[in-house]
Amino acid sequence: MAGPLDLAMLDPAATAPFLTKDEAAIRLAADAKAIDALQDRLYAEGTRALLVVLQGIDTSGKDGTIRGVFNATGPLGVTVTAFGEPTKPELARDFLWRIHAAVPRRGTIGIFNRSHYEDVLVARVRSLAPALEIERRYDHINAFERLLSDSGTTILKFMLHISREEQRQRLEERRSDPEKRWKFHPGDLDDRRSWDDYMAAYQVMLDRTSTEWAPWTVVPSDRKWARNAIIAGVVRTALERMSPKYPDRDWSGPEFAVP
Ligand code: AMP
Ligand code: MG
């Protein structure tokens, strides 16, 4: 297990290592470009995959992260999957069934907007499954992610950490802004009322599912510019470590001369 992540000790308004918005913007642009180039190699290589899991409470910025971090990435090899309330056919299977069906194929980057972690977050807070079953899910998740990792998928998990006050402001904005009103769901207010329960559930999640093969990064997300730059940096570093290579093919022989 990686080192402990203590939510109460992590300031959602932190921006480190960035001091200014401009500095973060410059780094983000460079990292986004690098991610695009690396993604092209990953696709050409076609043997491994990257899975980016985005978790966070309502308004924490999951959609904005996808737009901000991957806006320079060619759409060819990227899939985004949003997980909402499970459908009837999904509920008729184990909780990982729909998740496994959406994992990125070799050569691609898969982004999860919410994920199997909802099954230990909202499910825990709202008691959507028996407590014993939810307890077992942490081990199932770790084993599942180990399987993906052993199968060539690098996994990065980001928890977008915002303060309670920041969420209040963002929900207020959603309620009133004509361009954001469509995103407002009265049900989000119930989740907000359960703020402490959610934070407790997130803490258990971090404690029990931070593994060497699928680490969590808690991203301070009150400042959107810091959030995007931090995540882009982690994604870039992970891709650089994977170091995907263009396949070495030799088409120099005369039989391949273009007629
Ligand atoms: P949104 O991301 O705003 O479109 O909302 C999706 C909703 O689906 C959220 O309220 C989630 O809590 C809910 N959701 C996602 N996954 C699950 C799950 N496995 N069980 C129950 N609710 C879920
Ligand atoms: Mg929502």
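What you see is a predicted model; the values in this text were computed from it and never measured. Counting starts at 1 for both ligands and their atoms, in listed order.
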* To do: Give a yes or no on whether a salt bridge exists between Asp191 and Arg126, defined as a side-chain N under 4.0 angstrom from a carboxylate O.
  => yes

* **Atoms of ligand 1, numbered as shown, that sit under 4.0 Å from any heavy atom of Phe83** => 15 (C), 16 (N)

* Asked: What are the atoms of ligand 1, with element, lying closer than 4.0 Å to any heavy atom of Gly84?
  -> 6 (C), 8 (O), 14 (N), 15 (C), 16 (N), 17 (C), 23 (C)

* Relative to ligand 1, is His185 under 4.0 angstrom through side chain, backbone, both or neither, heavy atoms considered? -> neither

* Does Trp182 sit in a hydrophobic cluster with other residues, and if so which ones, taking ILVMFWY side chains as linked at heavy-atom separations under 4.5 Å, directly or through other members? -> none

* To do: Give a yes or no on whether a salt bridge exists between Arg175 and Glu172, defined as a side-chain N under 4.0 angstrom from a carboxylate O.
  => yes

* Ala82 contact mode with ligand 1 (heavy-atom cut-off under 4.0 Å) -> neither

* What atoms of ligand 1 come closer than 4.0 angstrom to any heavy atom of Arg98? -> 16 (N), 17 (C), 18 (C), 19 (N)

* So is there a nitrogen or oxygen of Ser115 less than 3.5 Å from a nitrogen or oxygen in ligand 1? -> no

* Residue-ligand contact Ala123/ligand 1, heavy atom below 4.0 Å -> no

* Asked: Do any nitrogen or oxygen atoms of Asp119 come within less than 3.5 Å of a nitrogen or oxygen of ligand 1?
  -> yes

* Quick one: which of Asp31, Ile111, Leu50 gives a side-chain contact (heavy atoms from CB on, under 4.5 Å) with Val235? -> Leu50

* Find the distance between CZ (Arg41) and CE (Met242) and round it off to the nearest 0.5 Å. => 13.0 Å

* Side chains of Leu160 and Ile231 in contact at under 4.5 Å (non-hydrogen atoms) -> yes

* To do: Answer yes or no: does an N/O atom from Arg114 fall short of 3.5 Å to an N/O atom of ligand 1?
  => yes

* ligand 1 and Glu85, any nitrogen or oxygen pair closer than 3.5 angstrom? -> yes

* To do: Pick whichever of Val122, Asp190, Leu121 has a heavy atom sitting closest to atom 22 (N) of ligand 1.
  => Val122

* Do we get Arg137 above Phe95's six-membered ring, with its NZ or CZ under 6.0 Å from the centre and within 45° of the axis? -> yes

* Asked: Which bit of Leu128 is near ligand 1, meaning a heavy atom under 4.0 Å away: side chain, backbone, both or neither?
  -> side chain

* To do: With sequence neighbours excluded, tell me which residues meet salt bridge (charged side-chain N to carboxylate O under 4.0 Å, His left out) with Arg106.
  => none

